[in-house]
Amino acid sequence: MSKIIDDLAFELDIKVILDILEEDYNINFYSFTEKNSILNNVKLFHKDCVFDNRYLYVIKAEDFNDLINIDEGLTFVIVGEVLTDNNTISTIILEKEYNYIQVFDFIQSIYDKVNTWVTNIQTALNNGKNITFLCEISLSFFGNPILVHDEQFYVISCPKWLPGMSVCETEQRSGRKMLPLSTINDFKVDREYNKTFKTKGSQIFPPTLLGFQVLYVNLKLNSRFEGRLCIHELQSKLKSIHFIGAEYLAKIIVMLIGRQSFYRDNFLNSYDDFFTDVLQGKSLNQSFVCDKLNALNWEIDDKYIVSKLAFEYSDYKNMSTEGTINYIESNIEGSYAFLYNTDIVIIINLSIGKRNRNEFFSQLSYILREGLFKAGMSRVFNNFYDIRGYYKQACIAYEYGKKSDSTEWYFEFEKYAFNFICDNSYGEMGKELISSEKVLTLKKYDEKNETSLYNTLYIYLKMIKT
């Protein structure tokens, strides 16, 4: 672990030092060479000093003016009036009123702060501490609140919250905290925000998004977006040293994510696998199915609806799918939602709470509008073992609804069944799943009363199709 941390060097250059000095000192002049050296530490000039371009030197102007044949690439903070220019070195010149020893002490305190923080980070890692602990010991360095969230906007760490920051919600399914779904949905439609997923290194959010500055670094592991480190400028001004520090901390966090599979493996839900097996038509033991349903307080012969949700805009597929799933379950009684292929599937038990389908549609409509989804809806059915066929109904409804250019947020299978029959006949689904319940009732009426109303309707529909 120590070797890895050693390789992740915290590197300061003269521009960072200038940024910090400008807040407390009047700068008369500064000049940098094209290639700024990384400065490992600061040294106070003395007459026997052996110069090394890895260090920053604090020097009085009269001593600097006496120097002969200054090596290229050196870096100086000079207190007082300099008599000649030298474009082969980097310099920051302060007014002569300052005490150069106090200036040295001030710059040394910067390096001490960095070294203390880096040492604490390394010690914490060597002791197996987690991301939250790393953020806690980083608060004093950044002087501002720190928030780390994963790719689904679940909060990994937020050791200090201040007014102005988003108030996180506790998701009922897992007990985890996440950014408000309303905030996430606002982000989805903001083009400036979506550009931030492609940035590298430390960046500042567009100021119109949050109303104050937020420094962020995308957490990427093998080019995959894993989340984000955010520093909120609510207590003190962000400086260039904080940009470097954020990149350093982000690298450590990514390393922990890679080593620990920090969040992806901790919240795996076995019901996702169960419902996936059901939709794929895998043979499952009847008692196993009953046990699974009983654990949800469901019965085989309850009333169900299946819905397929797909993002209206493909660019947003990776934005809080898991958060949306949990929001659905928290707000729609008797629902179970999960990711299937690339879409969200919702299985709704209408018998829970004794609701009708219109009540469910009303609840779902808000989620669809806010989350930029479109949905296909199956008919109501009362045999769980038929769920695979009714999932296909939802898929057909979605497919044909999208083709129709309808402005509705959800598409009911009932409205598109006829078009599907005309295009595909019954296919592998069978007439019971495709035909309208009213048509099946008509057929039963014919059988009971020896009439031919069903056949008459069939001939009429066939004529319309041709």
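Basis for what follows: all heavy atoms, side chains included, without hydrogens, waters or symmetry-related copies. Just so you know, these numbers come straight off a predicted model, no measurement behind them.
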Looking only at heavy atoms, which two atoms of [X] and [Y] are closest? And how far apart?
X: L296; Y: F275; value: CD1-CZ, 4.1 Å
X: R228; Y: T196; value: NH2-OG1, 3.1 Å
X: Y111; Y: L39; value: OH-O, 3.1 Å
X: M165; Y: L234; value: CG-CD1, 3.5 Å

Going by atom types only, do [X] and [Y] share a side-chain donor-acceptor pair under 3.5 Å?
X: N383; Y: Y390; value: no
X: N130; Y: T132; value: no
X: K177; Y: T170; value: yes
X: N40; Y: R54; value: no

Look only at the side chain of [X] and the backbone of [Y], and say whether a donor-acceptor pair between them is shorter than 3.5 Å.
X: E329; Y: Y336; value: no
X: W161; Y: S166; value: yes
X: N144; Y: Q235; value: yes
X: N349; Y: D302; value: no
X: R388; Y: L279; value: yes
X: E247; Y: S202; value: yes
X: S240; Y: D19; value: no
X: N294; Y: N297; value: no
X: S362; Y: N358; value: no
X: S378; Y: A394; value: no

**OP:** Could you pull out all residues at least two apart from K403 that satisfy side chain to side chain contact (heavy atoms under 4.5 Å, CB included)?
**Re:**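 Counting only residues at least two positions away or on another chain, K403 forms a side chain to side chain contact (heavy atoms under 4.5 Å, CB included) with E399.
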Rounded to the nearest 0.5 Å, what's the gap from [atom1] on [X] to [atom2] on [Y]? Could you check?
X: L256; Y: L221; atom1: CG; atom2: CG; value: 11.5 Å
X: L339; Y: I325; atom1: CG; atom2: CD1; value: 5.5 Å
X: L229; Y: Y248; atom1: CG; atom2: OH; value: 13.5 Å
X: F212; Y: I204; atom1: CZ; atom2: CD1; value: 11.0 Å
X: I146; Y: L139; atom1: CD1; atom2: CG; value: 4.5 Å
X: Y385; Y: L284; atom1: OH; atom2: CG; value: 8.5 Å

**OP:** Please lay out, stage by stage, how Q213 and F205 fare under the test side-chain contact (heavy atoms from CB on, under 4.5 Å).
**Re:** CA-CA 7 Å; Q213 287 205 125; F205 275 124; over 6 Å; no
**OP:** Identify whether the distance between the nearest side-chain nitrogen and carboxylate oxygen of K160 and E136 falls below 4.0 Å.
**Re:**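 Judged by the 4.0 Å cut-off on N to carboxylate O distance, K160 and E136 do not form a salt bridge.
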**OP:** Would you please classify the geometry between the Y271 ring and the F274 ring as parallel, tilted or perpendicular, with 30° and 60° separating the classes?
**Re:**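 If you compare the ring of F274 with that of Y271, the planes turn out perpendicular.
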Original post:
Relative to the ring of Y340, is the ring of Y391 parallel (under 30°), tilted (30 to 60°) or perpendicular (over 60°)?
Top reply: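 Because their plane-to-plane angle is over 60°, the rings of Y391 and Y340 count as perpendicular.
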Original post:
Between H149 and L179, is a side-chain contact (heavy atoms from CB on, under 4.5 Å) present by the stated rule, with each step listed?
Top reply: CA-CA 8 Å; H149 67 74; L179 298 182; 4.2 Å; yes
Subject >> Steps toward side-chain contact (heavy atoms from CB on, under 4.5 Å) verdict (L219, F225) >> reply: CA-CA 6 Å; L219 306 174; F225 180 76; over 6 Å; no
Does [X] make a cation-pi contact with [Y], if we ask for NZ or CZ under 6.0 Å from the ring centre and within 45° of the axis?
X: K113; Y: F141; value: yes
X: K402; Y: F411; value: no
X: R379; Y: Y304; value: no

Any non-hydrogen side-chain atom of [X] less than 4.5 Å from a side-chain atom of [Y]?
X: I121; Y: L134; result: yes
X: C290; Y: I300; result: yes
X: Y416; Y: S404; result: yes
X: F384; Y: L293; result: yes
X: V114; Y: D112; result: no
X: L12; Y: I38; result: no
X: Y400; Y: F413; result: no
X: I387; Y: V306; result: yes

Answer yes or no: are there more than 12 heavy-atom neighbours, outside [X] itself, under 6.0 Å from its atom [atom1]?
X: Y366; atom1: OH; answer: no
X: Q286; atom1: CD; answer: no
X: F361; atom1: CZ; answer: yes

Subject >> Y398/Y410 aromatic ring centres below 6.0 Å >> reply: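 That pair fails the under 6.0 Å test.
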**OP:** Verify the ring-centre separation between W117 and F142: is it less than 6.0 angstrom?
**Re:**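 So the answer is yes for these two rings.
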**OP:** Kindly indicate, with the supporting measurements, whether the criterion side-chain hydrogen bond (donor to acceptor under 3.5 Å, both in side chains) is fulfilled by N218 and T199.
**Re:** CA-CA 7 Å; N218 289 329; T199 60; 3.3 Å; yes
Original post:
How far apart are the C-alpha atoms of E408 and K374, what are their side-chain angles, what is the distance that settles it, and do they pass the salt bridge (Lys or Arg N to Asp or Glu O under 4.0 Å) test?
Top reply: CA-CA 8 Å; E408 294 178 323; K374 294 284 188 176; over 6 Å; no
Subject >> Test side-chain contact (heavy atoms from CB on, under 4.5 Å) applied to S307 and L364, step by step >> reply: CA-CA 10 Å; S307 177; L364 187 62; 4.1 Å; yes
